[in-house]
Chemist: 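This is the structure I want to talk about, given as structure tokens.
All values below were derived from every heavy atom in this structure, side-chain atoms included, with hydrogens, water molecules and symmetry-related copies excluded.
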Amino acid sequence: MRQIIIKPGEDGFWLAECPSLPGCLSQGQSKKEAIKNIQEAVEGYIEVLQQDGDPIPEDNMESVIVAI
């Protein structure tokens, strides 16, 4: 399980990022597509780490929404 962040980008695209995996980014024309694409990106990222024998960073992030 990984936390992701999605947000609207330019030209109607949605940007997706997995903060616990530096540089793991993707996008899609819809939220659903962006989520699907980042899932594939995360899987590929972890697969490369495993192949290279590198440690897989933990996802120990916590998000909080505050009223300002």
Chemist: Just to verify, which of L25, I4, I6 counts as forming a side-chain contact (heavy atoms from CB on, under 4.5 Å) with E17?
Modeler: L25
Chemist: Would you name the heavy atoms of P57 and L49 that are closest together and state the gap between them?
Modeler: CD-CD1, 3.7 Å
Chemist: Would you mind telling me which of E33, E40, K32 makes a side-chain contact (heavy atoms from CB on, under 4.5 Å) with K36?
Modeler: E40
Chemist: Between L15 and I35, is there a shared hydrophobic cluster once you connect ILVMFWY residues whose side-chain heavy atoms come closer than 4.5 Å?
Modeler: no
Chemist: I need the minimum non-hydrogen distance between L21 and R2, along with the two atoms involved.
Modeler: CD2-NH1, 3.7 Å
Chemist: For Y45 and P22, indicate whether the former's side chain and the latter's backbone hold a donor-acceptor pair under 3.5 Å.
Modeler: yes
Chemist: In Å and rounded to the nearest 0.5 Å, what is the CZ to OG distance from F13 to S26?
Modeler: 10.5 Å
Chemist: Please evaluate residues Q50 and V48 with respect to the criterion side chain to side chain contact (heavy atoms under 4.5 Å, CB included), reporting the C-alpha separation (whole Å), side-chain torsions for both, the decisive distance (0.1 Å), and the verdict.
Modeler: CA-CA 5 Å; Q50 290 173 331; V48 169; over 6 Å; no
Chemist: Out of curiosity, N60 CG to S20 OG, how far, rounded to the nearest 0.5 Å?
Modeler: 8.0 Å
Chemist: When you measure from the side chain of N37 to the backbone of Q27, do you find a donor-acceptor pair of N or O atoms at a distance under 3.5 Å?
Modeler: yes
Chemist: Could you check whether any side-chain N or O of Q3 sits under 3.5 Å from a backbone N or O of M61, counting only pairs where one atom can act as donor and the other as acceptor?
Modeler: yes
Chemist: Same hydrophobic cluster for I46 and I38, using side-chain heavy-atom links shorter than 4.5 Å among ILVMFWY?
Modeler: yes
